[in-house]
Amino acid sequence: MTTDKHDAARAALEAALAPTSGDPSGPAPAWSDPRLGTSGPDWARGPAGTDGAAPEEAPGRRPTGRASGRTTGQSRRTAGPASGESTDGRRRSRGSRRASATPGDPEQDLRARDTEADPYDVARQIVLRQLAMAPRSRQQLADKLRQRNCPDDVATAVLDRMTEVGLVDDAAYAQMLVRSKQAERGLARRALAQELRTKGIDPELAAETLDDIDEGTERARARQLVDKKLRTMHGLGVEVQTRRLAGMLARKGYSSGMSYAVIRDAIADSEEYLTD
């Protein structure tokens, strides 16, 4: 009885293994059961090439796609290149997608673009940036280039070229400075000469510029300053008023002779001292 069971089991095993031996007449494989479908489970189809399909994943492994139940048309949207990727497949850098900021220091931009920037180009950018902020004399620009460690020969060449094209003009700068200081602060010739000297204007050019100042215009400006100051000094004695007004005019560069003459006339015309 036991022998019969062993024989039956051996026969069943040989029947199951019959398809692998190449016998076409053998019984159908176990996965041809109608309940499993005509082709059986995907993972049991055998190696690639036996039925013209690529090998599938083994059982127990997670599918690599998002949802294994999706159809081919639904698995992925048809779209253009991914964000950050150009049409030729190369990926763009993050910085290329950002809008560039307001340029900072031109000198830093040049050094960032080229580790060995042209010193003449760097010097030109420094000069143009200084002139864009405010008018400058040639000496002021030369001092700024020296602070930036620009070689003297490079600075001279760049400033000579800027002078040729009219971007650096000490004569025009001196006239502009004199007019602005006269209008804003009421400075006289002596104080204006100091201002021009501080800005690095050549002494001869400064003298020519100051020669254009009319003495009558300067005296009229001094009288305006004194009249304005007198309106805040009511109740003070004449000596106190005279001393304070003379000090104010001296700080603005007026000579003592012109100062006392203007102060005397202004006090005499003041309503405070007019008699009925």
Just by distance, with hydrogens left out, do R179 and Q182 show a side-chain donor and acceptor under 3.5 Å apart? no
For the residue pair A123 and V154, what are the closest heavy atoms and their distance? CB-CG1, 4.0 Å
If we count only N and O atoms by modelled type, under 3.5 Å, do the side chains of D143 and Q139 hold a donor and an acceptor together? yes
Criterion side-chain hydrogen bond (donor to acceptor under 3.5 Å, both in side chains) on R138 and T163, from CA distance to verdict: CA-CA 8 Å; R138 178 177 178 128; T163 303; 3.3 Å; yes
For residues T209 and A174, report the shortest heavy-atom separation together with the two atoms involved. OG1-CB, 3.7 Å
List the atom of Y254, the atom of S259, and the distance in Å for their closest heavy-atom pair. CB-OG, 3.5 Å
Of all the heavy-atom pairs spanning V122 and A117, show the shortest one and how long it is. CG2-CB, 3.8 Å
With R251 via salt bridge (Lys or Arg N to Asp or Glu O under 4.0 Å) - residues at least two apart: none
In the structure I gave you, are the side-chain heavy atoms of R124 and D121 within less than 4.5 Å of one another anywhere? yes
Kindly indicate whether the side chain of V127, heavy atoms from C-beta on, has any atom under 4.5 Å from the side chain of K144. no
For S137, does its backbone N or O pair with a side-chain atom of Q140 as donor and acceptor, under 3.5 Å? yes
Locate the shortest heavy-atom distance separating D227 from A266; write the atom from each residue and the value. OD1-CB, 3.6 Å
Quick check for you: to the nearest 0.5 Å, what is the distance between R264 atom CZ and L245 atom CG? 13.5 Å
Do NZ/NE/NH1/NH2 and the carboxylate oxygens of R223 and D269 come within less than 4.0 Å? yes
Would you call E218 and R221 a salt bridge, taking side-chain N to carboxylate O under 4.0 Å as the test? no
Could you check whether any side-chain heavy atom of K199 comes within less than 4.5 Å of a side-chain heavy atom of R136, counting everything from C-beta outward? no
Atom pair CG (D202) and CD (E208), whose distance is rounded to the nearest 0.5 Å: 8.5 Å
Taking the side chain as everything from C-beta on, heavy atoms only, tell me whether I126 gets closer than 4.5 Å to L141. no
Hydrophobic cluster (4.5 angstrom, side-chain heavy atoms) - remaining members for V178: Y173, M176, L177, L187, L192, L196, I201, L205, L210, I213
Joint hydrophobic cluster, Y260 plus L236, side-chain heavy atoms closer than 4.5 Å: no
Does a side-chain heavy-atom distance below 4.5 Å link L249 with L225? yes
What's the verdict on salt bridge (Lys or Arg N to Asp or Glu O under 4.0 Å) for D214 and R219, showing C-alpha distance, side-chain angles and the deciding distance? CA-CA 9 Å; D214 180 69; R219 185 186 183 95; over 6 Å; no
Is it possible for you to say whether M133 and L131 belong to one hydrophobic cluster, with membership spreading through side-chain heavy-atom contacts below 4.5 Å? no
Please report the C-alpha distance between E195 and R185 in whole Å, then the side-chain angles of each, then the deciding distance to 0.1 Å, and finally whether the salt bridge (Lys or Arg N to Asp or Glu O under 4.0 Å) criterion is met. CA-CA 12 Å; E195 288 284 341; R185 299 176 56 190; 3.5 Å; yes
Just checking E164: does its CD atom have more than 12 heavy atoms from other residues, nucleotides or ligands closer to it than 6.0 angstrom? yes
Can you tell me which residue among T156, V158, L145 is in a side-chain contact (heavy atoms from CB on, under 4.5 Å) with C150? L145
Do the side chain of Q241 and the main chain of M233 share a donor and acceptor less than 3.5 angstrom apart? yes
For residues R243 and V240, determine if any side-chain heavy atom of one lies less than 4.5 Å from a side-chain heavy atom of the other. yes
